Number of protein chains: 2
Amino acid sequence: MSLRHALLGLLSEGPASGYDLLKLFDESLANVWPATQSQLYGELGRLADAGLIVVLSEGARGRKEYAVTDTGRAELRHWLLEVKPVPVRRYDMLLRVFFFGQISEDDAIAYLGEQRQEAAEEADRLAELNETIAPYADNFAVYGRLALEWGLRSSRMYQEWAEWAINEVKAHDRTANPDSCKPD
Amino acid sequence: MSLRHALLGLLSEGPASGYDLLKLFDESLANVWPATQSQLYGELGRLADAGLIVVLSEGARGRKEYAVTDTGRAELRHWLLEVKPVPVRRYDMLLRVFFFGQISEDDAIAYLGEQRQEAAEEADRLAELNETIAPYADNFAVYGRLALEWGLRSSRMYQEWAEWAINEVKAHDRTANPDSCKPD
DNA sequence: CCCTGCATGTAATCCGTTACATGATTGG
DNA sequence: CCAATCATGTAACGGATTACATGCAGGG
């Protein structure tokens with residue numbers, strides 16, 4: 001149920017409409033907790049029903065501006081301080097690695113090479129993003145930078161692992177076929 | 001839809017029952033793609049309906065032994081070679097970091113310290129697991145080791161990041177309150 | 001006047017988790 | 001004979017994705 005806390009967190013910096021929040025999500029939280037429009041509006045309704053947020057004002061085109069209530073702020077603090085984060089446990093990419101026995105070693109190496117490449121591109125993308133953030137902006141920028149650094153380190157690690165794994169597969173290949181000789 | 005491919009992958013090393021597969025899941029795939037018993041039996045039924053697997057034999061206590069069909073093997077290969085892995089994009093732990101503005105800097109540091117600790121424990125756990133795997137066992141062991149190495153590098157990176165982030169928050173604290181002086 | 005952007009909602013479907021439910025076999 | 005293990009299934013619920021559906025307001 002982290003979407004609700006993400007919304008409470010965003011609203012805790014100031015009132016916003018569903019539309020505003022959707023943009024905030026896409027700008028800042030997309031890399032750690034994506035959400036779709038329909039999910040977002042649904043959750044806002046439920047948050048309002050639960051009294052964690054309220055409609056501050058209604059504007060043009062049915063625009064509703066929401067603000068966090070004290071109950072909502074308390075819930076956010078509770079989640080931040082007392083609820084243990086759930087570690088990620090599903091890696092489509094690694095699952096395939098278990099089944100490398102079903103494809104040729106060349107195909108396995110090609111797969112790992114692609115992963116290496118994607119990780120490198122992700123690292124570049126994040127490094128660039130890092131440049132565009134003003135050094136001392138709002139709270140989101142300051143703390144978002146910590147998350148961004150995580151992404152950078154993560155994609156670098158990913159890249160290095162893929163390089164290491166390619167060599168492992170090649171070594172395994174040589175053990176299995178000691179007479180064959182393939183070019184790099 | 002990776003559960004289905006995980007099942008096809010496991011079955012591609014030899015026939016097994018739902019019960020067998022459940023144990024295989026918990027032993028080898030739990031860290032990259034967990035599955036519950038009820039999910040597994042449901043998916044086996046759907047795979048059989050779709051003709052990707054067949055019931056080889058029925059044993060005692062209603063035991064059904066499944067085997068992959070050629071269609072199933074083709075589907076597995078297709079998934080391995082042509083379907084791009086979906087990158088993980090939801091990090092409960094990092095989402096909280098964005099909202100550090102809502103808690104005190106000491107609380108933020110405590111949070112990061114816990115994460116550092118958990119990462120260290122995970123690294124130890126995986127290092128130990130690495131020792132228990134026979135050097136040249138079956139395909140799963142050989143390639144599973146690649147995934148395990150990923151986990152090791154990942155938890156080390158996580159740990160180092162948390163240490164770095166703690167210092168960042170402290171530095172930010174000192175910028176905000178230049179006169180205060182806290183013990184480490 | 002029309003297109004773009006603002007703005008909100010609903011419905012269908014899938015995947016995953018938790019809990020419930022049941023029964024057969026085997027070893028001590 | 002009893003407990004542990006083998007073995008399979010169903011039901012309820014929640015969260016996420018995709019697609020559908022609608023309509024207003026402002027600028028060119």
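A, B, ... follow the sequence lines: proteins, then strands. Residue 1 opens every chain. Predicted model only: the values in this text are computed from it and were never measured.
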Kindly write out the residues that satisfy side chain to side chain contact (heavy atoms under 4.5 Å, CB included) with A/Leu148, not counting sequence neighbours, or none if the list is empty. A/Leu126, A/Leu129, A/Asn130, A/Ile133, A/Leu152
What N/O pairs connect the protein and nucleotides 9-11 of chain C at under 3.5 Å? Give each pair on its own line.
{"from": "C/dG9", "atom 1": "OP1", "to": "A/Lys64", "atom 2": "NZ", "distance (Å)": "2.6"}
{"from": "C/dG9", "atom 1": "N7", "to": "A/Gln37", "atom 2": "NE2", "distance (Å)": "3.4"}
{"from": "C/dG9", "atom 1": "O6", "to": "A/Gln37", "atom 2": "OE1", "distance (Å)": "3.2"}
{"from": "C/dG9", "atom 1": "O6", "to": "A/Gln37", "atom 2": "NE2", "distance (Å)": "3.3"}

Would you indicate whether the side-chain heavy atoms of B/Leu24 and B/Leu29 approach each other to under 4.5 Å? no
Please give me every residue in residues 73-97 of chain B whose heavy atoms get under 4.0 Å of an atom in DNA chain C, ordered by residue number. none
Contacting residues from residues 8-19 of chain B, given that a heavy atom lies under 4.0 angstrom of DNA chain D: B/Ser17, B/Gly18, B/Tyr19
N/O donor-acceptor pairs under 3.5 Å from side chains in residues 158-165 of chain B, not counting sequence neighbours:
{"from": "B/Tyr158", "atom 1": "OH", "to": "B/Gln115", "atom 2": "OE1", "distance (Å)": "3.0"}
{"from": "B/Trp161", "atom 1": "NE1", "to": "A/Leu146", "atom 2": "O", "distance (Å)": "2.9"}

Indicate every side-chain donor-acceptor pair of residues 14-21 of chain A with a distance under 3.5 Å to a residue at least two apart or in another chain.
{"from": "A/Ser17", "atom 1": "OG", "to": "A/Tyr19", "atom 2": "N", "distance (Å)": "3.4"}
{"from": "A/Ser17", "atom 1": "OG", "to": "A/Asp20", "atom 2": "N", "distance (Å)": "3.1"}
{"from": "A/Ser17", "atom 1": "OG", "to": "A/Asp20", "atom 2": "OD1", "distance (Å)": "3.4"}
{"from": "A/Ser17", "atom 1": "OG", "to": "A/Asp20", "atom 2": "OD2", "distance (Å)": "3.2"}
{"from": "A/Ser17", "atom 1": "OG", "to": "A/Arg63", "atom 2": "NH1", "distance (Å)": "3.2"}
{"from": "A/Asp20", "atom 1": "OD2", "to": "A/Ser17", "atom 2": "N", "distance (Å)": "3.1"}
{"from": "A/Asp20", "atom 1": "OD2", "to": "A/Arg63", "atom 2": "NH2", "distance (Å)": "2.6"}

I need the CZ-C1' distance between A/Arg63 and D/dC24, as an integer number of Å. 14 Å
Using a 4.5 Å cut-off on heavy atoms from C-beta on, say whether the side chain of B/Gln102 contacts that of A/Glu13. yes
Rounded off to whole Å, could you give me the CG-to-P distance for the A/Leu44 and C/dT8 pair? 8 Å
Could you state the atom-to-atom distance from CG of A/Leu40 to P of C/dA7 in whole Å? 14 Å
d(CZ, A/Arg46; P, D/dG14) in whole Å: 10 Å
May I have all residue pairs that pass ring pair (Phe, Tyr, Trp, His ring centres under 6.0 Å) and include part of residues 26-53 of chain A, sequence neighbours excluded? none
Is any side-chain heavy atom of B/Arg4 closer than 4.5 Å to one of B/Leu52? yes
Report the residues that fulfil ring pair (Phe, Tyr, Trp, His ring centres under 6.0 Å) with B/Phe25, sequence neighbours left out, ordered by chain and then residue number. none
Can you tell me how far C1' of D/dT8 sits from CD of B/Glu43, to the nearest Å? 16 Å
Within the distance-only criterion (no hydrogens, no angle test), does the side chain of B/Tyr111 pair as donor or acceptor with the backbone N or O of B/Met93 below 3.5 angstrom? yes
Whole angstroms only, please: what is the CZ-P distance between A/Phe25 and D/dT17? 11 Å
Partners of A/Glu118 by salt bridge (charged side-chain N to carboxylate O under 4.0 Å, His left out), sequence neighbours excluded? B/Lys84
Hey, does the side chain of A/Thr69 reach the backbone of A/Gly51 with a donor-acceptor pair shorter than 3.5 angstrom? yes
Could you state the CG-P distance from B/Asp26 to C/dT17, rounded to the nearest angstrom? 12 Å
Rounded to whole Å, please give me the gap between CG in B/Asp20 and C1' in D/dT8. 13 Å
Using nucleotides 26-28 of chain D, report all nitrogen or oxygen pairs with the protein that are shorter than 3.5 Å.
none

Apply ring pair (Phe, Tyr, Trp, His ring centres under 6.0 Å) to A/Phe98 and list each qualifying residue two or more places apart in sequence or on a separate chain. none
Which pairs count as ring pair (Phe, Tyr, Trp, His ring centres under 6.0 Å) when at least one residue sits in residues 62-81 of chain B, sequence neighbours excluded? B/His5-B/Trp79
